[in-house]
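Any value given below was found using the heavy atoms of this structure, including those in side chains, with hydrogens, waters and symmetry copies removed. Residue numbers start from 1 in every chain, and the chains themselves are labelled A, B, ... in the order their sequence lines are given, proteins ahead of strands.
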Amino acid sequence: VDVIMSEPLAEDGWTPRPELLAAYADGELPAEGPQAALHERIEAWLAKNPEVACDVETYRQVTERYRATAADDPGPAAWAPVLARLRALRLTPGPSRRRWSRLGWLGAGGGMCAAAWWLALTLWSHPVPQKASPDVPLASESSRVVVSEDTEPEVFPVATAAEIEILSVRGEDTGSVVIGELPVEGSLVLLEPSEVTLTHAEPARDNMVPEVRRCGRAACIWAPLDAEREDPEEGNWD
Amino acid sequence: MAVALASAPPVPSDDHLLSRLAGGDRQALEELFTRYRLVAYRVAYRLLGNEADALDAVQDGFLKALTHLSGFQGRSSFKTWLLRVISNAALDLGRQRGRREVISLDVARPREYEGDPLTEDNASAGLERADLRRALDRALALLPEAQRRTFILHADAELSYREVAEVLGISIGTVMSRLYYARQKLRVYLNSWM
């Protein structure tokens, strides 16, 4: 709010944008606090422009009348089966608020280095045979999956796309970021990296996929996170 | 005679309830549900247009939220996080089922004015409210989904611009723009009511 609603306060010909007037009508520019100067300036401007002041009042009325028609509580009988379903839920472990300290990361990094060093020493002292057993082809020799006759093949559960809902995406878990809204409807339009300039991205939030803007008719595009690091400034998709 | 005044127990914060929930306290689950079920329902109702679908969406949303609590790390409020899950569940349900036409029975039968006797004035106000709700629902259905969702989160869930931006993962400038244009359109549709 602070950035978006900071307006030049000096010039005489200043006219607030209609979006700003709507924000004023919504009480987003309180008379006290960091937006106080802007609040005061808008009030002064509205005093000189009564016809627009009527519009602002209409904004308020639209919201007020809308809120007057909010859905009523469906009542205890309607909530009972919902609550019963929730009661039957097996709860997963609760949220973990603990974040790794710098010391923790250093410790983990040190541990990984030690493990890598130990592995290197082990391989050096016990080199892997260059030729594999005839029964077991090297992965590079064949992409076939070889299953010995006396073992049952392991069955991996497979979920379809419809059974998966992405609730959160973390930067360290993926090399790309979803732009747009899921589910994808219609054909998926992909752009070459050279066709996309990422000039603005919102910071990651809890379980919130960063959304930039829809790109023309593209339902969804995947952009490498590296692009985000290159130019994180405000702007548009082209 | 000495009278001991029992002060009301303090209302536990969301964080406190979540901590209790993490420890397996089922009562905390019910308190969180009771605290947010109505706002969740109102958002879902506006997005879906009828009571049955809205209740299903609230149930789906709460189930998803509670089974994925580990994904909530407290960087935003629980309310905004929950409303994102709920509104996603409502939109998914709407896409699966197709947003039904507004059930006229829901609209024509204003349920509450709890405690008020049924007077002629109340009945008249109820009918007017029902007509207005019907008109608003039609007008909402004509808005682009992004504008509709933004407006509903602001007007029904009474979220601030910043909170709406957090829920939708968009900038506050985009929230401002969407709200302005949504309201402009609603204003035109509701001209006869203003």
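Shown here for Tyr59(A) and Arg187(B), the closest heavy-atom pair between the two residues is CE2-NH1, 4.0 Å.
Of all the listed residues (Thr34(B), Leu63(B), Asp56(B)), the one sharing the greatest number of non-hydrogen pairs under 4.5 Å with chain A is Leu63(B). The residue among Ala70(A), Ala22(A), Pro81(A) with the most heavy atom pairs within less than 4.5 Å of chain B is Ala70(A). In terms of heavy-atom pairs under 4.5 Å with chain A, the best-connected choice from Leu38(B), Asp156(B), Val58(B) is Asp156(B). Contact count against chain A (heavy-atom pairs under 4.5 Å) is highest for Arg37(B) among Glu158(B), Arg37(B), His154(B), Gln59(B).
For the pair Leu55(B) and Trp79(A), the minimum side-chain heavy-atom distance is below 4.5 Å. A heavy-atom distance below 4.5 Å is found between the side chains of Tyr161(B) and Asp26(A).
With rounding to the nearest 0.5 Å, the separation of CZ in Arg178(B) from CD in Glu19(A) is 13.5 Å. Here the CZ-CG distance, from Arg42(B) to Asp72(A), works out to 7.0 Å after rounding to the nearest 0.5 Å. For the atom pair CG (Leu186(B)) and OG1 (Thr63(A)), the distance works out to 8.5 Å, reported to the nearest 0.5 Å. Between Leu140(B) atom CG and Tyr66(A) atom OH the span is 4.5 Å, to the nearest 0.5 Å. Between Leu136(B) atom CG and Thr69(A) atom OG1 the span is 4.5 Å, to the nearest 0.5 Å. How far CD of Glu28(A) is from CE of Met176(B): 8.5 Å, rounded to the nearest 0.5 Å.
A 6.0 Å sphere centred on CZ of Arg85(A) holds no more than 12 heavy atoms belonging to other residues, nucleotides or ligands. Within a 6.0 Å sphere centred on CD of Glu32(A), heavy atoms belonging to other residues, nucleotides or ligands number 12 at most. No more than 12 heavy atoms of other residues, nucleotides or ligands sit less than 6.0 Å from atom CD of Glu40(A).
Both the backbone and the side chain of Ala78(A) have a heavy atom closer than 4.5 Å to some heavy atom of chain B. Heavy atoms closer than 4.5 Å to chain A are found in both the backbone and the side chain of Ile152(B). Both the backbone and the side chain of Phe62(B) come within contact range of chain A, with heavy atoms under 4.5 Å apart.
Salt bridge present: Glu30(B) and Arg87(A) bring a charged side-chain N and a carboxylate O closer than 4.0 Å.
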